[in-house]
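Just below is one structure, and these are the notes that go with it.
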There are 2 protein chains.
Amino acid sequence: MVTIYDIAKKANVSAMTVSRVINNSGKTKESTRKKVEQAIKELGYVPNSVARGLISKQTKTLGLILPDISNPFFAKLARGAEDKAHELGYRVILSNTDEDASKELNYMDMVLSARVDGVLIAPTSDHSLEQINRLRAQDIPVVLIDRTIEGFTGDYVLGDSYEGSRKLMEHLIEQGHHNIAFINGPSNISTARERLRGYLETLRLNELPVYEHYITEIDFKSIQAGDTKKNIEQLLALPSTKRPTAIFAANNFIAISTMRALKELGMKVPEDISVVCFDEVEPVVYFDPFFTVASQPAQEFGRIGIQFLVERLDGKTIQKDRKIVLSPDIHLRKSTRPIK
Amino acid sequence: MVTIYDIAKKANVSAMTVSRVINNSGKTKESTRKKVEQAIKELGYVPNSVARGLISKQTKTLGLILPDISNPFFAKLARGAEDKAHELGYRVILSNTDEDASKELNYMDMVLSARVDGVLIAPTSDHSLEQINRLRAQDIPVVLIDRTIEGFTGDYVLGDSYEGSRKLMEHLIEQGHHNIAFINGPSNISTARERLRGYLETLRLNELPVYEHYITEIDFKSIQAGDTKKNIEQLLALPSTKRPTAIFAANNFIAISTMRALKELGMKVPEDISVVCFDEVEPVVYFDPFFTVASQPAQEFGRIGIQFLVERLDGKTIQKDRKIVLSPDIHLRKSTRPIK
DNA sequence: TTGAAAGCGCTAACAA
DNA sequence: TTGTTAGCGCTTTCAA
């Protein structure tokens, strides 16, 4: 592997001069710079970021910690993040937590040992705060993405879960639905709490009763295991007058598993029951927009998150926490229909 | 930031002893190890991989270079790769080339400067060979994923594009389709060449004529720009007896843009025209399997690719190139129908 | 079983 | 404008 000393020898200068040429720092005579650049080209030299990182304490690497990159929402977010990071001269290390706190901890150690300059994370739960503070203790800036955490101070980029929830619910109610079931994610994730808040508030504003048995929670692993069907079966087991006419699925994966369960149970959407959800069900949306959804600008989440992170690294002078909450777009499509 | 010297001081030993404890190398007395471990815990020490990497010339980091992580096929592949890498103790740096050779070159420099231990790449075209050889020249193992390159020697993990193509075509022909258009990806990508070979061979075996104007190519950027519509319009402009009754879209993104164009042009699938493609259109497939596809085990691509890569790093003793070609699964669904 | 010295590739600080 | 020296945090080598 070629080092600056090889270049120095070839160009008949000192290693320091080579360093200056590479970094465009200090003064170098035009002619020596030419010589050095020539040698670099001939030997195919590429600077060693590892050595550079050791001395400068900047690895130009960021950690991106997400629940699951195979969820199109997070894939888009990751794409936005990676693009922005690359624009700004940073590399991105990817991790998938599967919403599992122990995996998350594991990846925290990993990014710590890698000495990343900053971390963009969608935390698995409020308990992640402890891990985040571990990073903070090492002066590693952390920006939250998609979710916040109780007691967290710092930058974040979220979607407006409350607003999206309000709008989806209003839509259903306008369509005549009064019995609306809500299949939520785990309430230790902020988006779930906000979506529940929107659900309850909309019922209240419309003077509709809250039926506790309409509200269920399901976590990532249970969705994967196909347990959504149990939630649905319970709802359908209710006496026909009490059975929900619509389901609000709190995210795209819940919506998909809900659709699957409904199908297996012989229920047609929207004929027999209406369904709405958060997040697009991509990429099919491009040719057959089926779901009525609250769509979030995932790619923007990623771009802005990285932007904030890097600004913390560069400027260091930003005093105030920046908390961005992006509004979802409501798309009315074919998974809902008016009743009575 | 805590270093081994801080630990050494606290535990009243030398830095070297701390190093030995951390790495479980050499002999250390039980009691000193305890002392050191205690100090590590108290100070929250995490080893610095950067320093380690400088001396050991192993960064425990791999490069993953893909066209676009927001394509569910590559997202799944990335998920498999990241999981396997993590199991084996490696970090993954993610890059998106958008099938663009200059972006690819850019990322090659990036992984080179990061001194990754190995690279898993879906190359943008046969021209990527030059870049790959640059890595090889630095003794960085490269494993190809999803695609191969003319003149490449080394490990790869591909899907059997020829076989998938053959089977999709046989299915269409069995259904009575004789006029089958083929919208392919750019022929400088091996999968496109193999899929074309399968297309042509199936026509030949069935003694059907090849119509040159049925075969078109479209690249990544043109798909993004919505140009697929032009290809479709040309096909539909043919006199009705010569118009294709089915379209074979070479991948999921082409299929989606084809569906969209057909819709805009007032054509229904499968009523007016049948469509088949490569790769699942996820995640909708889980509740509404629409497309007749050749489905590839994307996650396996990633897992096996990383496995091969790390084996090169560890063993170094593998002489023979390992070339894995995984068969696709054909799923017959609702996007095709028999004619006449 | 433990420690001291040297050096990985680079750059900050100073000197020439 | 260019070069010398030292050291980032760690591990390899050799010595005790």
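Each chain gets a letter, A, B and so on, in the order the sequences are listed, and its residues count up from 1. Please read all numbers here as calculations on a predicted model, not as lab measurements.
Listed for the A/Arg79 side chain is no donor-acceptor partner under 3.5 Å among the backbone atoms of B/Ile69. A donor-acceptor contact shorter than 3.5 Å links the side chain of A/Lys323 to the backbone of A/Gly154.
OP1 or OP2 of D/dT11 has not a single side-chain nitrogen or oxygen of B/Tyr5 nearer than 4.0 Å. For D/dG3, the OP1/OP2 oxygens have a side-chain nitrogen or oxygen of A/Thr17 closer than 4.0 Å. Contact annotation: B/Thr32 reaches the phosphate of C/dT2 (side-chain N/O to OP1 or OP2, under 4.0 Å). Contact check, B/Asn23 against D/dT11: a side-chain N or O comes under 4.0 Å of OP1 or OP2. Phosphate proximity of C/dG9 to A/Thr3: absent, as no side-chain N or O sits under 4.0 Å from OP1 or OP2. Residue B/Arg52 places no side-chain N or O under 4.0 Å from the OP1 or OP2 atom of D/dG9. OP1 or OP2 of D/dT1 has not a single side-chain nitrogen or oxygen of A/Thr28 nearer than 4.0 Å. In this model, the phosphate group of C/dG9 is approached by a side-chain N or O of B/Lys57 to a distance below 4.0 Å at OP1 or OP2.
For the pair B/Lys35 NZ and C/dT2 C1', the interatomic distance rounds to 11 Å; values are reported in whole Å. One interatomic measurement links the two molecules: CG of B/Leu54 to P of D/dT12, which rounds to 13 Å at whole-angstrom precision. A/Ile55 has its CD1 atom 7 Å from the P atom of C/dT11, to the nearest Å. If you measure from atom CD of B/Gln58 to atom P of D/dT12, you get 10 Å, rounded to the nearest angstrom. We find that NZ of B/Lys27 is positioned 10 Å from C1' of C/dT1, with the value rounded to whole Å. Distance A/Arg20 CZ to D/dG3 P: 8 Å, rounded to the nearest Å. Per the geometry, CE belonging to B/Met16 stands 16 Å off P belonging to C/dG7, to the nearest Å. In this structure, B/Met1 places its CE atom 10 Å from P of D/dG9, rounding to the nearest Å.
Note on B/Arg91 versus B/Asp117: no salt bridge recorded, every NZ/NE/NH1/NH2 to OD/OE distance being 4.0 Å or above. A salt bridge links A/Arg33 to A/Glu30: at least one charged side-chain nitrogen sits closer than 4.0 Å to a carboxylate oxygen. With respect to the salt-bridge test (charged N to carboxylate O, under 4.0 angstrom), the residues A/Lys84 and A/Glu87 qualify.
Taking the nucleotide of DNA chain C with the nearest heavy atom to each of A/Ala15 and B/Gly26, the more 5' of the two is matched to B/Gly26.
With distances taken from any side-chain atom of B/Lys29 to the nucleotides D/dG7, C/dT2, D/dT1, the minimum falls on C/dT2.
For C/dG9, the base has no donor-acceptor partner in the side chain of B/Arg115 [N/O atoms by modelled type, under 3.5 angstrom].
Using a 4.0 Å heavy-atom cutoff across all strands shown, A/Val13 reaches sugar-phosphate atoms only and no base atom.
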